[in-house]
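All values reported here derive from a predicted model rather than from experimental measurement. Residue numbering restarts at 1 for every chain, and letters A, B, ... go by the order of the sequence lines. Note: hydrogens, waters and symmetry copies are ignored here, and every other heavy atom, side chains too, is used.
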Amino acid sequence: MLTASVFVNIPVKSIAKAYTYSVPAELSFLETGWRVFVPFGGRKVEGFVLAVGEKSEAELDGIKLKSIQAAVDEESWFTPAMIKAARWLADFYLCSLAEMMRLFMPGKSGLKISVLYEAVAEEREHLLLQMPMYRAVYQYLQAEGPQGRSAIARALPELKEELPAILDKLTQYKVLRKDYAAQKRDNARYEKLVVLTCQLTGQIRDDYKRKKAQLHLLELLAKAPAQTMTMAALKAAKVTPATVKNLTEAGLAEIRQRRVLRDSYGDVQAERRQVELTDEQSAAVRAMEPALAGHNYQGFLLKGVTGSGKTQVYIEMAERVRKLGRQVIVLVPEIALTGQVVMAFKAYFPADIVVMHSRLSLSERNDAILRVRRGGAGIIIGARSALFTPAEDIGLIIMDEEQDMSYKQDESPRYHARVVAEELAHIHQAVLLLGSATPSLESYYRARKGEFTLLTMTKRIGDLPLPLVKCVDMRQELRLGNRHIMSRPLQQLIEQTIAKKQQLIIMLNRRGFSTFVMCRSCGEVIKCKLCGLPLVYHQGQGGRPGKLACHHCDVAEPIPDTCPKCGSRYIKYFGSGTEKLEQELHQIVPSARVIRMDRDTTNTKFAHQEILAKFRRREYDILLGTQMVAKGHDIPNVTAVGIISADSSLNLPDFRAAERCFMLITQTAGRAGRHTEQGRVVIQTYNPSHYAVTCGIDQDYEGFAEQELMMRRQLFYPPYSRLVKLLYQNEDEQAARDGAAQLIAAFAQHFRGDKRQQVIGPSPAVIARLRGVYRFVVLIKTADLSSVQSFLREQGLHLRTDVAIDIDPITML
DNA sequence: AGCACGCCGACT
DNA sequence: GTCGGCGTGCTC
């Protein structure tokens, strides 16, 4: 019997295994990688074929097999490389294979499976049908055929909320039957084409002499490429639909449909500058050429100071890979998609690009994927999800700003794009190119060990000097009597820059500095009822009152007039978010036009782009925002940068705090003066002597790395260890804590005497309680990650629903 | 995740 | 004696 091993697309750990189905004769063409419909526990679901093969009755061991119902697509969806990668990643991240495989699809499921109800003819005399409501439903379905719940509700509005109960009951007594209908969710759009189906001979021209419009159309079609024109093009050429109709009825032309692949970035125009590579750039390209030509895996770390022209190296490499006929994936941090990398590539490869990111709609994404599949585009630029685009033959994976934290997905499956990229590069025998001005310590360390080839570029193009950085000790400012958020040197910088008609960027590291609301009488801070974190004040817009919002639970509530605890009317807003800062800026330089960019103002698809474009067009003088202002754009007229609290993250309980602080300073400072004039930067800090701050000010990566690596080695943190974070969740606080403690005991027992493993916890998570569930964290530090992965699997942790496993977590708590 | 099956309290 | 609550366990 022909059978298939099928993984159902349900992301639940307990069914994370392959099920065997029989393959009916009419589906014998199915192979590994096809998506199929299968019956599963009384319903119909999407499944992925992992293998097909003959199985004898004996092998089946008495299991009664169900049969695959149909194929989803007209071709196999997953390539062998995709399945291989998904398997490896599922293994590495201890998640289910389906969870990993569905990353390779445009949506989480390729299907929308809807439930239809069908009247069972034999039961038309059933007792239940004596009740009018039941009879109405039955008769409606008898008349209309199988219908969905919403259609029934629309046809019989008088049933209202009784309907679900009626349907359930009738189904239970088998008077109605459930039927599952699946639609593909590819939202394909088609366009009409008119095709000439004959040779335009002199004879035909003669025949149509008196039908001027049709002859005109014939001539147009004959001239068109492939004798084909779109309806839209014909309309533009003033050909009426009636003319087309006459011609097709005469049999000389035909109307066909073609799937339209929308290119969301098709209209983006970019200017190509002729550039000659610098010595450093060509040296970097030359170093990578052997691996490219040899079709080998090799990893490179391109460490180039801001402005040294890494993007040009990427483009050179991409050009070479495209000449070899292989495909290129270019990863950029989510935030940088509007920035210079996309535009630069667009200039060199105007039609060969697709842009992928999470804000594309499902249909846009489908079209982008299909363009890659059909060979219509060979360069995929996008955020981390671009890694999962179905490219057949990848020759190069570029990861720009490889240290960026947004490459780690913060929901399950919690993969890191660098890990995925490395594995894909291995599978495809491709070149992996990590680029950064300030590499992550993990990559830098690996490069020093020789796992990556280190390429360095130290010169800025045009030999522009690095910006002039001034550090302001905020404690000193306070002693001098300045209680503002803004120090005097920063105020001066703002005034001077505005006076020179130049622009500046002000960055506020909001972390740990949210505007919370506190009662000045009793000290009560207003907190979220669900998670206990302080609520954040949001200003009212356009006359609407302000509100308090929780940034974790997505709840908002009105601002109370009096303290909920003591009833005092003295409630005050503390801290300083971007909104507060905006107000203060207005007081200092009333003439300055300020635009704000933070999570609140960038909800929509092109919000980033629009804000940056407006700023670039000099409609504003000051760009004020959170960390996102520090990345991925290059605005000529920006000559000054202010960093409000460079080190507010330094005191967080996180081993990466110093790294974050250093990178923030170097990156933000790098935004100033990239073109004509030396930039000026003011950094406000409470820790002016910390090495992260001093090295940041000097733009001294090596110095920082030296000290930080020493710290990491002493404390056994990455890159000297790998981390695994386990999050135990339970409605019962004690149960959550006990579960965590139990694992720690088992861990200690299993690895007793092994110095390469450490375990910390249980400690309450940052959000110690979320939606009524208590959360405890166990943190494992290990020099031998694979043995910890095996241990966790032995413990069955990957199957538990109450434990979330995070390999290489970004935050510790 | 869904959906069956099953065991116990409330009601005709 | 029947209905419906949701706890438990399985899905080729």
Side-chain angles (χ1 to χ4, degrees), chain A residues 1-24 27-28 30 32 34-72 90 95-103 105 107-118 126-128 130-131 133-134 148-149 161-182 185 411-413 729-732 735 771 773 796 798-804:
Chain A
M1 174 161 55
L2 190 57
T3 63
S5 174
V6 174
F7 222 96
V8 290
N9 182 13
I10 300 173
V12 172
K13 293 170 174 181
S14 57
I15 47 175
K17 58 175 182 171
Y19 292 83
T20 310
Y21 286 84
S22 66
V23 181
L27 293 177
S28 58
L30 287 180
T32 303
W34 281 75
R35 299 193 296 182
V36 290
F37 295 111
V38 288
F40 189 73
R43 68 212 160 106
K44 180 168 164 179
V45 298
E46 182 183 37
F48 311 136
V49 177
L50 294 181
V52 269
E54 286 293 331
K55 273 212 174 102
S56 65
E57 297 291 329
E59 276 176 287
L60 294 175
D61 205 23
I63 305 172
K64 285 195 291 291
L65 293 192
K66 288 187 184 172
S67 184
I68 294 181
Q69 287 169 339
V72 172
C95 67
S96 100
L97 182 59
E99 215 176 343
M100 228 50 235
M101 285 181 81
R102 55 201 275 174
L103 291 175
M105 314 198 307
K108 282 173 176 165
S109 146
L111 305 169
K112 205 172 93 199
I113 295 183
S114 49
V115 180
L116 300 185
Y117 293 88
E118 186 184 1
H126 197 280
L127 281 176
L128 277 172
Q130 297 192 347
M131 287 149 78
M133 281 178 162
Y134 288 74
R149 185 169 288 200
E161 47 302 317
E162 305 249 29
L163 183 62
I166 295 173
L167 289 173
D168 285 352
K169 190 125 191 166
L170 285 171
T171 312
Q172 197 186 337
Y173 285 93
K174 305 204 191 309
V175 183
L176 296 182
R177 187 165 41 219
K178 270 193 198 176
D179 194 14
Y180 295 84
R185 298 194 310 161
E411 59 186 44
S412 183
Q729 309 177 80
N730 204 303
E731 279 172 24
D732 177 27
R771 281 178 232 111
V773 176
H798 59 305
L799 299 176
R800 287 187 45 178
T801 50
D802 60 333
V803 185

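Residue contacts for A/Y180: at a heavy-atom cut-off of 4.0 Å it reaches the sugar-phosphate backbone alone, with no base atom in range. Heavy atoms of A/P11 sit nowhere under 4.0 angstrom from any nucleic acid atom. Across all strands shown, A/F40 has heavy atoms under 4.0 Å from base atoms, whether or not it also approaches the sugar-phosphate. Across all strands shown, A/S14 has heavy atoms under 4.0 Å from base atoms, whether or not it also approaches the sugar-phosphate.
Because its NZ or CZ atom is not both nearer than 6.0 Å to the ring centre of A/Y21 and within 45° of the ring axis, A/K66 does not count as a cation-pi partner of that residue.
Comparing B/dA1, C/dC12, C/dC3 against the side chain of A/L65 picks out C/dC12 as the nearest.
The NZ atom of A/K44 sits 18 Å away from the C1' atom of B/dA1 (whole-angstrom rounding). At whole-Å resolution of the value, CZ in A/R149 and P in B/dG2 are 13 Å apart. Between A/M131 atom CE and C/dC3 atom P there is a gap of 11 Å when expressed in whole angstrom units. Taking atom CD1 of residue A/I15 and atom P of nucleotide C/dC12, one finds them 10 Å apart after rounding to whole Å. In this entry the distance linking NZ of A/K13 with C1' of B/dG2 reads 18 Å, nearest Å. Spacing between atom CZ of A/R800 and atom P of B/dA1 amounts to 16 Å, rounded to whole angstrom units. The distance from atom CZ of A/F48 to atom P of C/dC12 is 17 Å, rounded to the nearest whole Å. Atom pair A/I10:CD1 and B/dG2:C1' shows a separation of 8 Å (rounding to whole Å applied).
Nearest approach of A/N9 to A/R102, heavy atoms of both residues: OD1-NH1, 3.2 Å. Of all heavy-atom pairs spanning A/V38 and A/Q69, the tightest one is C-OE1, 4.2 Å.
Within the 4.5 Å cutoff, side-chain heavy atoms of A/Y134 are placed close to those of A/L170.
Taking side-chain N and O atoms only, A/K169 has a distance below 4.0 Å to OP1 or OP2 of C/dG4. In terms of phosphate contacts, A/R43 brings a side-chain nitrogen or oxygen within less than 4.0 Å of OP1 or OP2 of B/dG2.
Remark: A/E731 CD is loosely packed, at most 12 non-hydrogen atoms of other residues, nucleotides or ligands lying under 6.0 Å away.
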